[in-house]
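Reviewing the structure listed below.
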Amino acid sequence: MRRACIRGTGFYVPDQIVTNDDLAERMDTSDEWIRQRSGIERRRYAPDDVGCAELAYRASLRTLEDAGLEPNAVDCIILATLSPDYYFPGSACILGQKLGLPGVPAIDIRAQCSGFLYSLSTADNFVRGGQFQCILVVGSEKHSMALEFADRGRDVTVLFGDGAGAVILGPTEENRGVLSTHLHADGSLADALWMECPGSAHPRWITREMLDEGRIYPKMEGRLVFKNALEKLPQVIMEALAENRMTLDEIDLFIFHQANLRIIEYVAKQMGIPAEKVYNNIQEYGNTTAASIPIALHEAIKKGLLREGQHVLMASFGAGFTWASAIIRW
Ligand code: COA
């Protein structure tokens with residue numbers, strides 16, 4: 001049976017470390033508030049001249065090296081982001097150009113915090129169907145240039161960081177690889193976590209009013225997001241287990257989208273998942289949206305937390321709303 005397996009992982013985060021105290025100098029917040037509510041201690045910000053595709057490029061080079069491959073081995077690029085370089089063309093095209101891959105298809109996926117799992121699912125189906133043999137799947141975000149560094153935006157601003165993570169997916173005939181992926185969305189609460197402007201839903205692309213009202217910055221109804229995450233994450237985890245006729249005990253490692261440590265701890269406790277089976281790094285990087293799962297996956301592998309034959313379950317919830325899960329046999 002042909003499956004898709006991960007042949008390499010990698011990530012890149014910018015050098016600049018921004019602590020909670022650094023943010024407290026720019027808005028009315030505190031290290032204590034941020035740690036207590038989210039678990040975040042610091043995050044990284046990219047320099048002005050480094051955008052989404054450049055972060056993705058740097059993560060991709062490391063991932064290719066990890067897989068022992070040259071860029072020209074890649075026959076398809078899938079890039080998940082909510083912070084693309086341009087409105088169009090997609091950042092996957094820019095990434096392909098940076099990697100020197102003319103002619104290789106390049107797909108942007110817009111599923112926010114579930115972007116990586118949506119991309120993994122797409123790549124898995126391409127590989128199992130035989131259309132592509134070596135897919136570069138990247139999640140990349142540059143949030144820092146679009147956050148509001150003022151009291152008005154503090155609830156959102158303190159949560160997010162920049163970074164990129166990637167995997168290479170290829171076929172295997174062995175009894176391992178992606179076992180299943182599960183994707184969901186519900187747009188009825190789109191405005192609970194969104195960046196409303198600029199956009200084609202408005203009569204004008206961008207207006208002075210939008211700027212003055214701060215509608216160009218991300219907005220979130222934190223409690224509503226929190227409540228929905230607590231409901232959907234257990235559902236999509238159970239769905240993945242049921243599909244594979246597995247129990248929670250048979251999962252060796254859980255990697256959740258790093259949105260908020262409190263959400264992850266609550267879900268783990270509610271479901272009876274032991275804390276030592278859950279890998280978290282939100283303390284270091286904040287919420288890097290589409291990049292958070294591949295960054296955490298790479299770190300967990302390099303720390304020896306995932307060995308051959310073991311199972312990792314990944315799950316996400318975020319803007320859209322979108323939610324997703326996947327199980328991989330390593
Ligand atoms: N620093 C200090 N105070 C802040 C703050 C900040 N950065 N942001 C908000 N506050 C204040 C609020 O203004 C409010 O003050 P008030 O009581 O005087 O009105 C108070 O803190 C409590 O705000 P509230 O929004 O009720 O806090 P909360 O307990 O819901 O925590 C979140 C806020 C954002 C941490 C929480 O709702 C959350 O984690 N939601 C999910 C977010 C998430 O995961 N998003 C990403 C999904 S991909």
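We number each residue from 1, following the sequence as shown. Atom set for the values below is all heavy atoms of this structure, side chains included, hydrogens, waters and symmetry mates excluded. If you're wondering where the values come from, they're calculated on a predicted model, not measured in any experiment. Indexing begins at 1, ligand by ligand and atom by atom, following the structure's order.
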Output yes when a side-chain donor or acceptor of [X] lies under 3.5 Å from a complementary backbone atom of [Y], and no otherwise.
X: Asp212; Y: Glu209; answer: no
X: Ser30; Y: Trp33; answer: yes
X: Asn260; Y: Arg37; answer: yes

Under the side chain to side chain contact (heavy atoms under 4.5 Å, CB included) criterion, do Glu299 and Phe11 qualify, and how do the steps go?
CA-CA 9 Å; Glu299 285 194 347; Phe11 78 97; 3.7 Å; yes
With heavy atoms only and a cut-off of under 4.0 Å, state how [X] meets ligand 1: side chain, backbone, both or neither.
X: Asn287; result: side chain
X: Leu193; result: side chain
X: Asp155; result: both
X: Thr29; result: both
X: Thr289; result: neither
X: Met27; result: neither

Protein heavy-atom partner closest to [atom] - residue, atom, separation in Å:
atom: atom 33 (C) of ligand 1; value: Trp33 CH2, 3.8 Å
atom: atom 44 (O) of ligand 1; value: Ile263 CD1, 3.4 Å
atom: atom 39 (O) of ligand 1; value: Asn260 ND2, 2.4 Å

Side chain to side chain contact (heavy atoms under 4.5 Å, CB included) between Arg262 and Phe226, worked out
CA-CA 9 Å; Arg262 285 200 309 163; Phe226 204 101; 3.7 Å; yes
For [atom], tell me which residue out of [options] has the closest non-hydrogen atom.
atom: atom 27 (O) of ligand 1; options: Arg37, Met220, Gln258; value: Arg37
atom: atom 13 (O) of ligand 1; options: Gln112, Arg154, Arg262, Glu221; value: Arg154
atom: atom 30 (O) of ligand 1; options: Gln36, Arg223, Arg152; value: Arg223

Shortest non-hydrogen contact between Cys113 and Thr289, atoms and distance
N-CG2, 3.6 Å
Can you list the ligand 1 atoms lying under 4.0 Å from a non-hydrogen atom of [X]?
X: Phe317; answer: 48 (S)
X: Val158; answer: 7 (N)
X: His257; answer: 48 (S)
X: Phe226; answer: 38 (C), 39 (O), 40 (N), 41 (C)

Classify the ring geometry between Trp323 and His184 as parallel (under 30°), tilted (30 to 60°) or perpendicular (over 60°).
parallel
So Phe254 and Phe256, would you call those rings parallel, tilted or perpendicular, with 30° and 60° as cut-offs?
parallel
Please assess Leu64 against Ile168 for the test side chain to side chain contact (heavy atoms under 4.5 Å, CB included), listing each intermediate value before the final yes or no.
CA-CA 7 Å; Leu64 286 160; Ile168 304 272; 3.6 Å; yes
Donor on one side chain, acceptor on other, Glu141 and Ser83, under 3.5 Å:
yes
Given the protein's heavy atoms, is any one of them under 4.0 Å from atom 37 (O) of ligand 1?
yes
Quick one: does Cys113 get a heavy atom under 4.0 Å from ligand 1?
yes
Considering only residues two or more places apart or on different chains, which pairs with a residue in residues 164-174 satisfy side-chain hydrogen bond (donor to acceptor under 3.5 Å, both in side chains)?
Glu174-Arg176
Could you tell me whether some N/O pair between Gly222 and ligand 1 is separated by less than 3.5 angstrom?
yes
Name all residues meeting the salt bridge (charged side-chain N to carboxylate O under 4.0 Å, His left out) criterion together with Glu284; count only those two or more places apart in sequence or in a different chain, and write none if there are none.
Arg42
